[in-house]
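Structure record follows, encoded as structure tokens.
Just the heavy atoms: all of them, side chains too, but no hydrogens, waters or symmetry mates, feed the values below.
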Amino acid sequence: MSDKVKTLNPKEAYKLLQEHPNAVFIDVRSHMEYLFVGHPSGSIHIPWIDEPDWKLNPHFLTQVRQAMLGGATGAAPVVLICRSGVRSLEAGKALVEAGVKEVYNVAEGFEGQLDEKHHRSAQGGWRYHGLPWEQC
């Protein structure tokens, strides 16, 4: 059993998802980010923190376990993504602490880090690498 969240870059995450069709791919960003900024194709939306109060989702663990085949722990790898890899790492740590055995964080996230002009998607991230994504 792993005692920590494993880190993948977007291309590694995409490869893992292709090789493990039972993996659960969760976008932990807010509802508005998921819909309007876009999200990876095939991802499930389970927010870690969401509007209107910007508090931790008290049902996050339960919702993830439901996505993992009816609440079984360790039944499938869980891959988490957010905007830049920070929220998803925190969510991943909570899952590991709750006993989920195989948790991965997409380190660059969907949009990557800010560049020198404070723009995202210019240096890294799921979208930057040309991986499949959708938008509302």
Side-chain angles (χ1 to χ4, degrees):
M1 175 173 129
S2 172
D3 60 349
K4 66 179 196 167
V5 179
K6 298 169 191 77
T7 301
L8 300 172
N9 68 43
K11 289 182 178 183
E12 292 168 334
Y14 183 72
K15 182 178 179 188
L16 182 140
L17 292 163
Q18 297 304 300
E19 293 174 352
H20 296 86
N22 66 324
V24 179
F25 189 21
I26 300 171
D27 189 319
V28 304
R29 294 175 301 153
S30 72
H31 183 73
M32 298 302 275
E33 288 173 293
Y34 184 82
L35 289 178
F36 297 114
V37 176
H39 54 271
S41 298
S43 64
I44 300 167
H45 181 235
I46 303 175
W48 173 244
I49 299 172
D50 207 358
E51 69 265 346
D53 300 324
W54 301 107
K55 293 182 181 178
L56 288 178
N57 175 359
H59 308 291
F60 182 77
L61 179 59
T62 300
Q63 291 169 335
V64 171
R65 286 196 168 147
Q66 287 171 342
M68 295 172 65
L69 304 174
T73 57
V78 176
V79 179
L80 303 172
I81 193 167
C82 67
R83 180 182 62 199
S84 61
V86 176
R87 281 175 283 176
S88 51
L89 179 58
E90 291 304 311
K93 289 176 182 177
L95 292 176
V96 168
E97 288 176 17
V100 179
K101 294 177 177 28
E102 195 172 353
V103 180
Y104 298 89
N105 178 45
V106 181
E108 295 174 26
F110 185 70
E111 296 182 78
Q113 298 298 321
L114 292 170
D115 68 11
E116 64 281 350
K117 295 179 182 178
H118 297 283
H119 297 153
R120 294 196 186 270
S121 297
Q123 298 187 105
W126 186 271
R127 197 165 51 182
Y128 172 83
H129 290 290
L131 299 169
W133 65 284
E134 304 169 351
Q135 192 169 21
C136 175

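- Sorted by first and then second residue, the salt bridge (Lys or Arg N to Asp or Glu O under 4.0 Å) pairs involving residues 38-56 (not counting sequence neighbours) form an empty list.
- Arg127 has its side chain within reach of Val37: a pair of non-hydrogen atoms, C-beta onward, lies under 4.5 Å apart.
- Other members of a hydrophobic cluster containing Val86 are absent, since no ILVMFWY side chain comes under 4.5 Å of it, directly or through relayed contacts.
- Annotation: the span from Ser43 atom OG to Phe25 atom CZ amounts to 5.5 Å, rounded to 0.5 Å.
- For the pair Gln18 and Pro21, the tightest heavy-atom approach, listed with the atom from each and the gap, is O-CD, 4.2 Å.
- Within the 4.5 Å cutoff, the side chain of Ile26 has heavy atoms near those of the Val78 side chain.
- Put simply, the side chain of Pro40 reaches to within 4.5 Å of the side chain of Asp27, judged on heavy atoms.
- For the atom pair Gln66 CD and His59 NE2, the distance stands at 10.5 Å (nearest 0.5 Å).
- Checking each of Arg83, Arg87, His45 against Glu33 for a side chain to side chain donor-acceptor pair (under 3.5 Å) leaves exactly one that passes, namely Arg87.
- Side-chain contact check for Tyr14 versus Leu8: every heavy-atom pair is 4.5 Å or farther apart.
- The same ILVMFWY cluster, assembled from side-chain heavy atoms under 4.5 Å apart, contains both Leu89 and Leu56.
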| Taking it one step at a time, do Val24 and Val64 satisfy side chain to side chain contact (heavy atoms under 4.5 Å, CB included)? | CA-CA 9 Å; Val24 179; Val64 171; 5.8 Å; no

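- Of all heavy-atom pairs spanning Ala67 and Ile46, the tightest one is CB-CD1, 4.3 Å.
- In terms of heavy-atom proximity, Pro10 sits nearest to Leu131 at O-CD1, 3.4 Å.
- Summarising the geometry of Ala107 relative to Thr7, their closest heavy-atom pair is CB-CG2, 3.4 Å, with the distance given to 0.1 Å.
- By the ring-ring contact (aromatic ring centres under 6.0 Å, His included) test, Tyr104 is found to be paired with no residue, residues two or more places apart in sequence or in another chain being considered.
- The side chain to side chain donor-acceptor pair (under 3.5 Å) check on His129 picks up Glu108, with sequence neighbours excluded.
- Between the Asn57 side chain and the Trp48 main chain, no donor and acceptor come within less than 3.5 Å of each other.
- Judged as a salt bridge (charged side-chain N to carboxylate O under 4.0 Å, His left out), and not counting sequence neighbours, the contacts of Lys93 are Glu90.
- The shortest non-hydrogen separation linking Met68 to Val100 is CE-CG1, 4.0 Å.
- Considering Trp133, Trp126, Tyr34, Phe110 as possible partners of His39, the one that fulfils the ring pair (Phe, Tyr, Trp, His ring centres under 6.0 Å) test is Tyr34.
- Judged as a side chain to side chain donor-acceptor pair (under 3.5 Å), and not counting sequence neighbours, the contacts of Ser88 are Asn105.
- Between Leu61 and Ala98, the closest heavy-atom pair is CD2-CB, 3.5 Å.
- The backbone N or O of Phe36 sits less than 3.5 Å from a side-chain atom of Gln135, completing a donor-acceptor pair.
- Leu80 places none of its side-chain heavy atoms less than 4.5 Å from the side chain of Val106.
- Residue Met32 is not grouped with residue Trp54 when hydrophobic side chains (ILVMFWY) are merged at heavy-atom distances under 4.5 angstrom, including chains of intermediate members.
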